[in-house]
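Down below is the structure, laid out as structure tokens.
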Amino acid sequence: MKTEKNDVLEKVVSLAKRKGFVFQSSEVYGGLNGCWDYGPLGVELLKNIKEEWWKFFTYRDDIEGLDASILMHPRVWEASGHVENFTDPMIDCKQCKARFRIDHLADNINAKKKGKLIEFVAALPEAAEFHEEANQILDSKDESLYSDFITKIFESKDASTPTLAEVTCPQCGTKGSFTSARKFNLMFKTFVGPVEEDSNVVYLRPETAQGIFVNFLNVQNSSRQKLPFGIAQIGKAFRNEINTKYFLFRTREFEQMEMQFFCHPDADKKWYDYWKAERLEWYKSLGMNGERLRYHDHPKDKLAHYAKEATDIEYQFPFGWGEMEGIHNRTNFDLGRHEEYSGKSFKYFDEETKEKFIPFIIETSAGASRSFMAFLIDSYNEEEVNGEVRTVLKLHPKLAPIKAAILPLVNKDGMPEFARKIEADLRRNYKVFYDDKGAVGRRYRRQDEAGTPFCITIDTQSMEDGTVTIRERDSMEQIRIEASKIGVYLFEKIYA
RNA sequence: GCGGGCAUAACUCAGCUGGUAGAGUGUCAGCUUCCCAAGCUGAAUGUCGCGGGUUCGAAUCCCGUUGCCCGCUCCA
């Protein structure tokens, strides 16, 4: 099992490198953990995925597009909860999986226990530097000092682990079940202006959603939309993940395709169900194997702070099921918080019902990079043809990086000239590739590996009657049509 | 973050117990080729991931480091 699953991922990674889909970032310097570059074919595939996504949403009359900046006002992330949740040291209980902010943990310990804990620290070899302070606090008998001191110990380098081992989990009561403390600085920090000081700190956005939320009324007013309506955005987001993993699956820099749908609080369930169904169909409509797709509904007690209901659309990767897209009922949490933090109103006024309220938001948040990897893996096929292995990417024609290859059967008798004319004609509308190197069979296989759905071949008969053959990638079957009709043929095959 | 494995040409890999690198595929040039990785001729490409150490001498042994993969952990 293990070798088999490694196999597929390794083969795809190898193909990705060889054919120019994905390279490791800064490869010549040894690579940068969790960062990848998209090569000539990869950037086309990614662009096509994004384009299909963009059309799916913004070609509707109830969804508008947006492209917000990556750097945003730091207060945005205070309102969203990201600063609070990600910059303080946290620990987890291994037993019950509960997570605690360390500065809150001390408050959950009763006074008597705190005293004992400080006595423990006073005798702890790893806490030598704190012994004096511990004894002073014990002597003072001032219990109001206890919490701050314990927090200090918890946050210290050497003394925290042995001290935490003496503490019981406030939730499940297990003793010594805590992980060591760590800071969840999930947001990348940088500075605006030349001076690196705290007042100039800004963050690279850890999600694109907030750019949509803060622009909700701008978009609504300028586009004259009425509820319910949505705002779609594609863009990079950054998270300083502790672990990167599985090729493109968990990276520090990634691209999100998000649509936030604003609706009346009473209509949330309806739209949640609607988008949940629509989004799964989208992957299938682009050729993804339905048996490798499923929903993973989040149990109510595991929901994020902002969500009322949530599900993931998961793909069965070689390493297991993994999330490609999240669909969340974010309620009025985000807009409410921005109203609170900015002092500006985020309420919507409904002329018909004369109702004024903060809309609910149904979010569909897809990972472009994860979808990219899923489409790549899903389309990867090895077939036996005449005793040889044929590697072929059966990508949907809409997603294929190159739509057609133009191949003169031999390099003489006017075939190259005719082929070049066809190429020039098709290039006006399609990404095509001209190849006259080597035997035609080899050229077909090269295109199979790149996922090119159609190969147009010019032969002797072409020179006589102006027809060409079109070879279809998956069936390897050929038809013959007039050269003048290639454009129409491709359009129907790709987009119809 | 912890533990394990790996790192040699664009890709897949060989290189045994130390004597300054090789195969297949691919790529490029030419010939030949009328339809599925055909054939012939020729060519290019590696400070053996990076940095130290041991040694007369290191791809090979040792240490460190970075990256990738696997298992935990984590993934509001």
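Here is how names work: the chains are called A, B, and so on, in the same order as the sequence lines, proteins then strands, and each is numbered from 1.
Residue A:Y444 places a side-chain atom within donor-acceptor reach of the base of B:rC35, judged by atom type and a 3.5 Å distance cut-off alone.
Rounding to whole angstrom units, CZ of residue A:R480 and C1' of B:rC35 are separated by 10 Å. Spacing between atom CZ of A:R443 and atom P of B:rU27 amounts to 12 Å, rounded to whole angstrom units. Between A:K437 atom NZ and B:rU33 atom C1' there is a gap of 15 Å when expressed in whole angstrom units. Rounded to an integer number of Å, the gap from NZ of A:K245 to P of B:rG71 is 7 Å. Spacing between atom CZ of A:F317 and atom P of B:rC69 amounts to 13 Å, rounded to whole angstrom units. Straight-line distance from the CG atom of A:N411 to the C1' atom of B:rA29: 13 Å, rounded to whole Å. Atoms NZ (A:K19) and P (B:rA37) sit 15 Å apart, rounded to a whole Å. Atom CD1 of A:I456 and atom P of B:rC36 are 19 Å apart (whole Å).
Comparing B:rC36, B:rC11, B:rA37 by their closest approach to the side chain of A:V385 singles out B:rC36. Comparing B:rA38, B:rU33, B:rC68 by their nearest atom to the side chain of A:V410 picks out B:rU33. With B:rC35, B:rC68, B:rA38 as the choices, the nucleotide that has an atom nearest any side-chain atom of A:W36 turns out to be B:rC68. Taking only side-chain atoms of A:Y246, from C-beta outward, the nucleotide of B:rG71, B:rC35, B:rA10 with the closest atom is B:rG71. Comparing B:rU27, B:rA37, B:rC11 by their closest approach to the side chain of A:R18 singles out B:rC11.
A cation-pi contact, defined as under 6.0 Å to the ring centre and within 45° of the axis, is absent between A:R370 and A:F372.
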